[in-house]
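Just follow the structure's listing: the first ligand is 1, and inside any ligand the first atom is 1.
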Amino acid sequence: MAILVTGGLGYIGSHTAVELLSEGRDIVVIDDLSNSSALAADRIREITGKSFPFIEARLQDEETLNKLFSDYDIEAVIHFAGSKAVGESVKNPIKYYDNNIGSSLSLCRAMLKAGCKNIIFSSSATVYGSNNPSPYREDMPAGGCTNPYGETKLIIEQLLGDIVKSNPGFNATLLRYFNPIGAHPSGLIGEDPRGIPNNLLPYIAKVAVGQLPCLGVFGNDYQTPDGTGVRDYIHVVDLAKGHTAALNNMDGLKIYNLGTGKGYSVLEVLKAFEKACGKALPYEIKPRREGDLDAYWSDPGKAERELGWRAQKTLYDMCLDTWRWQKANPKGYEG
Ligand code: WQD
């Protein structure tokens, strides 16, 4: 019996693959390499000393997918594959509806055909929209997303909810991630965005390694203690462990936040990173970024109560591990 990891060579997928293999599980990875590198597979093998099959394909390639389900005995799927750049999703919504929803439909069809009845889905705090007060709890109404990327996550959540209703014995766990950062402590795998990073930590890391001149801080007039945006940053290894905990507790439709429950501002993150890399980093206050909320963070209590999972690592750990990965791989996997 194996776990199928879609998007298993991407940022969160690769860290989850490591945790699964380290726990002694067999995995099969499918990834189209559209935003990942095949070298991540070698690194996962290097960290764990274990090997696994890797299939390079899109999920919409249903022939390959059906063959995969007949070649391997898949007990559960962890579904990471998808496009994730918020700004790009506003400019090119069709790509997002096609890649994210189209691929999830193909995957679910193949699962039902093969009789595979367990899926964990990589969802996002973005599904809480802009009207809920923090801390976000799973029983708050989802919706009101400000971009197509978020809408696709919400639609896939609904799709899985409907499949659970219509298929007795089908289990779907929706994991709503807050802001994953950090890297494996080995420095062998980490986040490797293509081009100029959109997200805060990869941007800071590239300033620290000298590839970008200065961090732009998007707004310092928010209703937060220092005026900069506040988010719930979570170490990607803690996040990965949330998936293995969820795998052991599947039962119908379940929804869990994966966050730390603590918010940090952009300037607090910058200071923690400066401490981790041992140097001051230049920054400049810029206008607010369209669509950004001032502050949000999770209530992670449900995952702790029901899954026995809780994030362990500090913001400093997250920065130290990001820095170790960035220093050792200044140009990412291909560099
Ligand atoms: C964090 C904070 C910015 C960059 C997005 C998606 C979410 C999830 C993760 C993933 C904000 C500020 C950022 C910069 C800055 N999606 N910032 N300068 O926007 O919270 O979440 O990514 O796949 O669904 O919405 O993350 O890292 O972009 O921003 O000042 O150069 O850092 O304004 O306050 P965000 P982020």
Query raised in the report: Would you call Asp238-Lys241 a salt bridge at under 4.0 Å N-O?
Result: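 No, no charged N to carboxylate O under 4.0 Å.
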**Report entry** Residues Glu88, Lys91: salt bridge by 4.0 Å N-O rule
**Finding:**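 Looking at Glu88 and Lys91, the cut-off is not met.
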Give yes if a backbone or side-chain nitrogen or oxygen of [X] is under 3.5 Å from a nitrogen or oxygen of ligand 1, and no if not.
X      : answer
Val86  : no
Leu200 : yes
Tyr203 : no
Thr126 : no
Gly216 : yes

Looking at [atom], what's its closest protein heavy atom, distance included?
atom                    : result
atom 35 (P) of ligand 1 : Asn179 ND2, 3.6 Å
atom 10 (C) of ligand 1 : Tyr149 OH, 3.3 Å
atom 32 (O) of ligand 1 : Val266 CG2, 3.5 Å
atom 17 (N) of ligand 1 : Phe218 CD1, 3.6 Å
atom 7 (C) of ligand 1  : Ser124 OG, 4.2 Å
atom 2 (C) of ligand 1  : Tyr233 OH, 3.5 Å
atom 19 (O) of ligand 1 : Arg289 NH2, 2.9 Å
atom 5 (C) of ligand 1  : Asn199 ND2, 3.8 Å

Report task. Measure the acute angle between the ring planes of Phe273 and Trp323, then classify it against the limits of 30° and 60° as parallel, tilted or perpendicular. Result -> perpendicular
Report task. Take the angle between the ring planes of Tyr96 and Tyr149 and call it parallel below 30°, perpendicular above 60°, tilted in between. Result -> perpendicular
Report task. May I ask you to check whether Asn100 and Thr152 show a side-chain donor-acceptor distance below 3.5 Å? Result ->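 Yes - a donor-acceptor pair under 3.5 Å links their side chains.
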Query raised in the report: Are side-chain N/O atoms of Thr260 and Tyr233 paired as donor and acceptor at under 3.5 Å?
Result: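 The criterion, which ignores hydrogens and geometry beyond distance, is not satisfied for Tyr233 and Thr260.
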Enclosure of [X] [atom1] (heavy-atom neighbours >12, cutoff 6.0 Å):
X      : atom1 : result
Glu290 : CD    : no
Lys50  : NZ    : yes
Tyr333 : OH    : yes

**Report entry** Nearest candidate to atom 11 (C) of ligand 1, where distance is taken over non-hydrogen atoms, out of Arg288, Glu284, Lys286, Arg231
**Finding:**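 That would be Arg231.
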Query raised in the report: For ligand 1, is any non-hydrogen atom under 4.0 Å from Phe178's backbone (N, CA, C, O), its side chain (CB onward), both, or neither?
Result: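 No part of Phe178 comes within reach of ligand 1.
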Report summary line: Checking heavy atoms under 4.0 Å, the part of Tyr177 that sits near ligand 1 is neither
Query raised in the report: Are His243 and Leu175 side-chain neighbours, meaning at least one heavy-atom pair lies under 4.5 Å?
Result: yes
Report task. Compute the minimum heavy-atom distance from Tyr264 to ligand 1 and say whether it is under 4.0 Å. Result -> no
